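Here's the structure, in structure tokens; my notes come after.
As the structure is a prediction and not an experimental result, all values here were calculated from the model. The basis for the numbers below is simple: all heavy atoms, side chains too, and nothing from hydrogens, waters or symmetry mates. First the proteins, then the strands, lettered A, B, ... as listed; each starts at 1.
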Amino acid sequence: MPPQYDPTEVEPRWTRTWIERGYFHAEAPSDRPPYCIVIPPPNVTGRLHVGHALGRTIEDTLIRRARMQGFEACWIPGTDHAGIATQVVVERALREEGIDRRELGREAFVERVWSWKEQYGGEIVEQIKRMGASCDWERERFTMDEGLSRAVRAAFVRFHEAGLIYRGERLVNWCPTDRTGLSDSEVEHEEVEGELLTFRYFLTEGSGSIQVATTRVETMLGDTGIAVHPGDDRYAALVGQTVTHPFDGRQILIVADHHVDRDFGTGAVKVTPAHDPNDFDIAQRTGLPLMNIFEADARLNDAVPAEFRGLGRYEARTAVRDALEAKGLLVKEERPYVHSVGHCYRCHSEIEPWIAGLQWFVKVSGLAGAAKEAVLDGRLRFTPERWQGPFVAWLDNLRDWNISRQLWWGHRIPAWYCPDGHVTVATEDPTACAGCGSTELTQDPDVLDTWFSSQLWPYSTLGWPDDTPELSFFYPNAALVTGYEILYLWVARMVMSGLFLVGDVPFHDVVIHGLVRDQQGRKMSKSLGNVIDPIEMIDRYGADALRFSLARAATGGQQDIPLSEEGIEAGRNFANKLWNAARLVLRAFPGGAPTPPPPDRLTLPERWLLSRHQACLVAVDAALDEYRFADAALALHRFVWSELCDWGLELEKGRLHGTDAERSDATQVLAWILERTLRLLHPTMPFVTEEIWQRFGIGDSIAIATWPSSRPQQADAAAEASLTALQEIVTAIRQFRAQHHVPTAHRLEITVGVPDSEQAALRDLSERIGKLTGVSTMAIIPGDSPKAEGVVRIGVADGFVEIPIAGTIDLDAERARLSKRLAEVDRDLERAGTKLANEGFRTKAAPEVVVAEQDKVTRLGVERDQLFAQLGELG
RNA sequence: GGGCGCGUAGCUCAGCGGGAGAGCGCUCGCUUCACACGCGAGAGGUCGCAGGUUCGAAACCUGCCGCGCCCACCA
């Protein structure tokens with residue numbers, strides 16, 4: 001084994017081998033219990049970013065552990081066609097060739113997207129493989145492949161038959177850049193600094209006027225009414241009258257509607273039904289007409305006066321303002337005026353509420369009840385739990401889901417129309433109208449929201465709508481791992497549709513992780529230059545390093561996850577540490593299954609290591625069972641580095657260099673511990689653990705080895721106590737050396753006092769301790785022996801260390817050390833004294849706490865006397 | 001407007017009733033026979049602020065201040 005672990009050589013080899021040998025393939029049905037996770041399908045044209053890397057790390061940790069625990073572990077990978085995102089990417093590429101999508105025509109364009117997908121798509125799949133993800137690649141799916149397309153149609157038809165999908169003309173969230181409608185969930189609201197203008201409309205009859213306020217003054221060109229509150233005395237007389245539009249002379253009716261807030265602004269609202277959802281509702285209630293003033297690209301259309309036609313919405317805003325001012329109608333301008341504006345989640349353009357013709361909607365409220373019930377009765381659990389509240393609140397406030405997208409890339413809506421206006425909805429392309437038998441059918445030109453197919457993912461990938469063995473065996477999935485940003489967009493819809501279409505929740509546990517950010521908590525963005533490219537990190541430090549650092553950072557407490565290159569470097573160092581521990585342990589290991597010697601041949605460090613290893617296992621199991629990945633990583637790091645390497649191996653080196661029998665015993669027990677630790681670590685760091693594990697020659701792959709079982713009998717409190725005492729002795733000597741600048745070359749002759757019960761163990765290890773501390777001879781005497789002459793005595797638990805003064809110590813340094821310790825002792829004594837003097841404490845605190853405090857006083861008192869004596873000796 | 005999370009060592013975070021921890025960074029010393037991607041020692045903290053509960057609070061409660069996020073038909 002080389003002294004440095006080299007992931008660049010190891011990782012590609014194992015990635016290939018694991019897949020070739022089919023370890024990750026799962027069968028259904030199986031004698032083993034099922035454990036299934038689906039990957040949140042990334043966009044085909046996407047590249048792996050750290051957010052994906054985090055999700056995949058978590059999923060792989062769960063899946064690999066489940067596989068080792070004996071589950072039929074199935075992790076289904078795949079990609080999403082991602083309607084808008086992909087279409088936009090391909091459109092941009094075409095534009096660079098000077099081609100417009102509309103010139104190309106629908107069919108040719110869609111073909112181009114497919115070939116784009118074949119050529120450039122799927123890179124992300126290769127990147128996921130590089131992470132070591134143990135997906136069942138034989139089950140890889142794409143949301144637009146044949147089977148999943150069938151599932152989409154089946155779902156649409158079933159929803160439609162149940163009356164949960166309908167067609168209607170409503171205002172939709174229109175993105176003028178992508179030229180498509182969006183669902184409410186795809187609109188991101190953001191505070192912007194805008195303006196609030198107040199202007200006046202003159203009454204048609206008489207000379208009176210009414211003032212209205214707006215943040216979007218250009219929409220007044222499409223005003224068809226003014227609304228006031230029905231109980232508002234100020235305007236009661238005006239309801240039913242009209243005002244005259246200043247630019248085109250239209251008569252606009254003043255109506256009463258409860259929606260109006262009397263206290264806001266002037267208490268009168270301009271009503272633009274075709275361009276504002278509230279106004280649309282008011283118009284529905286009061287019968288005001290709709291007047292559309294925008295083209296699809298948010299330029300003013302021919303419905304507006306000639307002077308404004310063709311202006312973009314922002315130009316129009318200024319133009320209308322100026323025109324109002326010119327007519328003396330502008331009353332007030334407030335600027336900046338902060339308010340919330342919806343933006344497209346893909347291109348970030350401002351959303352334009354617009355009537356985009358007949359659209360298909362899912363009546364989600366009809367599905368929400370069952371989803372809420374599943375949460376409340378515990379079939380669906382959230383980790384962290386705090387997401388349950390927002391999830392239920394969201395379900396309680398659902399509006400219908402617009403699923404029509406005016407795009408070409410996606411699942412075409414399975415609805416056909418005949419010239420008489422009948423609608424035929426079917427899973428197979430119909431030959432005749434279901435209403436009148438007409439053969440003149442045209443399919444709806446729109447495609448479905450990309451999330452319509454994503455919501456089917458946990459069961460469409462298992463073969464739904466067919467009743468496949470996979471579906472009955474692996475559904476519901478064990479867990480779903482995702483970021484909170486798509487909780488509503490995706491997770492909620494999977495739950496609702498799964499309950500309705502399949503009859504059960506799609507998964508039991510929703511594991512929600514934060515957004516990966518940089519170390520200052522900023523979002524990673526190209527413009528900030530703080531993007532960490534996971535593939536670059538894998539190249540530089542290895543996949544295990546990246547995975548470990550992500551797991552280590554993914555604590556439950558905070559909302560987001562800070563990641564830095566230094567953190568990944570630390571992961572790399574850890575992999576190397578493990579590698580070197582293995583080098584040491586396996587140097588004399590003959591191979592085969594490690595067999596620890598019988599208990600009576602175990603040394604103290606060995607019993608201690610077994611005990612610590614058991615504690616580590618318990619901690620790792622508990623942490624992973626509860627999705628506390630950081631805690632699991634931390635426990636393993638602590639055990640391997642601080643316990644196994646810093647103490648265990650250091651103390652065992654004597655035996656590793658000892659007689660054949662000693663070496664054999666030590667190697668076997670250390671190898672036994674190491675091998676089990678590798679298995680515990682394998683789900684988090686698959687590559688380095690596999691590479692080391694191969695040295696044992698006990699199986700084909702650690703990936704299909706058995707998860708270590710708990711050995712409670714190995715917990716050894718006595719060994720832990722003894723070793724802690726020993727650590728104190730070693731540390732005391734090292735501290736002394738450092739404080740007095742005693743070079744290691746200067747061998748010390750010391751005396752150690754310990755209770756009789758500890759003497760044998762200490763004697764066994766004295767040589768090793770000597771090596772660790774530069775001590776040549778170590779006399780061992782009872783812990784209560786009086787202090788010798790001419791030595792410095794350092795107190796440790798139940799004993800002391802005595803180091804001769806002659807030739808070793810720096811008197812000033814020693815005085816400083818003693819004084820400092822004395823100050824600490826005094827402070828602690830005073831604290832404890834006050835506490836014990838408090839009657840409340842003595843009577844109300846737990847008795848053992850009081851006793852511990854009294855013991856402390858006794859102990860500190862003795863130490864204080866000794867410190868004084870030594871200070872006196874030094875003069 | 002409603003809700004959530006977070007303010008603990010220079011940085012990132014654990015701790016969540018018995019008087020404070022890790023990793024990284026920093027300082028000092030080490031070619032100690034696995035590892036300098038290392039070993040040893042050390043410095044560094046009125047645990048955001050103010051009240052309250054308690055014998056005892058970083059931890060529990062209330063209020064305030066700061067930072068971040070989610071939801072909402074704030075004309």
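Comparing the P positions of C55(B) and C65(B) gives a spacing of 32 Å, expressed to the nearest Å. Here the separation of U8(B) from C13(B), taken at their C1' atoms, is 9 Å to the nearest Å. Between G21(B) and C47(B), the distance separating the two P atoms is 14 Å to the nearest Å. Across the C1' atoms, G10(B) and G45(B) are found 11 Å apart, a figure rounded to whole Å. C24(B) sits 29 Å from G17(B) when the P atoms are compared, rounded to a whole Å. Remark: the separation of the P atoms in C26(B) and G68(B) is 29 Å, to the nearest Å. Between C16(B) and A72(B), the two P atoms lie 35 Å apart (nearest whole Å). G63(B) and U12(B) are spaced 30 Å apart, taking the C1' atom of each and rounding to whole Å.
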Please list each protein N or O that sits under 3.5 Å from an N or O in nucleotides 1-3 of chain B, with the distance.
none

For nucleotides 7-9 of chain B, print each protein N/O atom paired with a nucleotide N/O atom at under 3.5 Å, atom names and distance only.
none

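In this model, the phosphate group of C39(B) is approached by a side-chain N or O of Lys577(A) to a distance below 4.0 Å at OP1 or OP2. Put simply, Lys820(A) has a side-chain N or O that comes within less than 4.0 Å of OP1 or OP2 on A43(B). Put simply, Lys653(A) has a side-chain N or O that comes within less than 4.0 Å of OP1 or OP2 on A34(B).
Distance CD (Glu334(A)) to C1' (A75(B)): 12 Å, rounded to an integer number of Å. Note: CD (Glu650(A)) to C1' (U32(B)) measures 9 Å, nearest angstrom. The interatomic distance linking Asp631(A) (CG) with C16(B) (C1') rounds to 13 Å, in whole Å. Between the P atom of G19(B) and the CG atom of Asp828(A) lies a distance of 11 Å, rounded to the nearest Å. Here the P atom of nucleotide G19(B) and the NZ atom of Lys835(A) are 6 Å apart, to the nearest Å.
Here the side chain of Ser340(A) is nearest to one of A72(B), C33(B), A34(B), namely A72(B). Which of C35(B), G18(B), A72(B) sits closest to the side chain of Asn580(A) comes down to C35(B). Listed nucleotides A75(B), A34(B), C69(B) differ in distance to Cys645(A); the shortest reach to its side chain belongs to A34(B). With A75(B), C55(B), A34(B) as the choices, the nucleotide that has an atom nearest any side-chain atom of His657(A) turns out to be A34(B). In the set C70(B), C33(B), C4(B), the nucleotide with an atom closest to the side chain of Tyr488(A) is C70(B). Ranking A41(B), A75(B), C69(B) by closeness to the Gln735(A) side chain, first place goes to A41(B). Nearest to the side chain of His339(A), among C35(B), A34(B), A75(B), sits A75(B). Among G5(B), A41(B), A34(B), the nucleotide with an atom closest to any side-chain atom of Arg734(A) is A41(B).
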Show me the donor-acceptor pairs within less than 3.5 Å that the side chains of residues 483-492 of chain A make with the rest of the protein, sequence neighbours left out.
residue	atom	partner	partner atom	Å
Tyr484(A)	OH	Asp560(A)	OD1	3.0
Trp490(A)	NE1	Ser454(A)	O	3.0

Fill in the blank from the handout: For RNA chain B, the dot-bracket notation using Watson-Crick and G-U wobble pairs below 3.5 Å, [ ] for pseudoknot-type crossings and | for other-strand pairs, is ((((((((.[[[[.)..(..]]]].(((((.......))))).....[[[[[..)....]]]]])))))))....
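A salt bridge between Asp828(A) and Lys856(A) is absent, with no side-chain N of the basic residue lying under 4.0 Å from a carboxylate O of the acidic one. Using a cutoff of 4.0 Å between basic side-chain nitrogens and carboxylate oxygens, Arg540(A) and Glu565(A) are scored as salt-bridged. Under the 4.0 Å criterion applied to side-chain N and carboxylate O atoms, Asp232(A) and Arg262(A) are not assigned as salt-bridge partners. Look at Arg821(A) and Glu824(A) and you find a salt bridge, because one of the NZ, NE, NH1 or NH2 atoms lies within 4.0 Å of a carboxylate O, short of that distance. Taking a cutoff of 4.0 Å between a charged side-chain nitrogen and a carboxylate oxygen, Glu195(A) and Lys332(A) do not qualify as a salt bridge. With respect to the salt-bridge test (charged N to carboxylate O, under 4.0 angstrom), the residues Asp400(A) and Arg170(A) qualify. Contact check on Glu839(A) versus Lys844(A) returns no salt bridge, with no Lys/Arg side-chain nitrogen under 4.0 Å from an Asp/Glu carboxylate oxygen.
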Practice task
Encode nucleotides 20-29 of chain B as B, S and - characters from 5' to 3', where the letter depends on protein heavy atoms closer than 4.0 Å: B to the base, S only to sugar-phosphate, - to neither.
Solution key: S--S------
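At the heavy-atom level, Arg737(A) lies nowhere under 4.0 Å from the strands shown. Backbone-only contact: Thr214(A) has heavy atoms under 4.0 Å from sugar-phosphate atoms and none from a base. Among the heavy atoms of the strands, none lies under 4.0 Å from Arg216(A). Residue Thr731(A) is classed as a sugar-phosphate contact, given heavy-atom separations below 4.0 Å to backbone atoms only. Using a 4.0 Å heavy-atom distance criterion, Glu385(A) is classed as making no nucleic acid contact. Among the protein residues, Thr215(A) comes within range of the sugar-phosphate backbone only, with heavy atoms under 4.0 Å from sugar or phosphate atoms but none that close to a base. In this structure, Asp261(A) reaches the bases: a heavy-atom distance under 4.0 Å links it to at least one base atom across the strands shown.
With hydrogens and angles ignored, the 3.5 Å screen pairs a side-chain donor or acceptor of Thr219(A) with a backbone N or O of Arg216(A). A donor-acceptor pair under 3.5 Å is absent between the side-chain atoms of His343(A) and the main chain of His189(A), judged by distance alone.
Judged by distance alone, with hydrogens and angles left aside, Gln4(A) brings no side-chain donor or acceptor close enough to the base of A34(B) to form a pair under 3.5 Å. If you check distances only, the side chain of Arg572(A) does reach the base of C37(B) with a donor-acceptor pair under 3.5 Å.
Looking only at side-chain heavy atoms (C-beta outward), Arg321(A) and Phe199(A) stay at 4.5 Å or farther from each other. Looking at Phe574(A) and Leu681(A), their side chains come closer than 4.5 Å, going by heavy atoms from C-beta outward.
If Tyr5(A) and Gly267(A) are placed on RNA chain B by their nearest nucleotide, the residue sitting closer to the 5' end is Tyr5(A). Comparing Pro277(A) and Asp646(A) along RNA chain B, the residue whose closest nucleotide (by nearest heavy atom) sits nearer the 5' end is Asp646(A).
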Practice task
Decide yes or no on side-chain hydrogen bond (donor to acceptor under 3.5 Å, both in side chains) for Glu191(A) and His339(A), but give the supporting numbers first.
Solution key: CA-CA 5 Å; Glu191(A) 303 262 282; His339(A) 62 125; over 6 Å; no
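Going from atom CD1 of Ile794(A) over to atom CD1 of Ile729(A) covers 11.0 Å, rounded to the nearest 0.5 Å.
Sorted by first then second residue, the side-chain hydrogen bond (donor to acceptor under 3.5 Å, both in side chains) pairs that include residues 566-575 of chain A, not counting sequence neighbours, number zero.
Among the candidates Ile282(A), Leu290(A), Asp279(A), Thr214(A), the single residue satisfying the side-chain contact (heavy atoms from CB on, under 4.5 Å) test with Thr272(A) is Asp279(A).
For Glu830(A), the CD atom sits in a loose shell: 12 or fewer heavy atoms of surrounding residues, nucleotides or ligands are nearer than 6.0 Å.
In this structure, Trp387(A) has its ring center no closer than 6.0 Å to that of Phe382(A).
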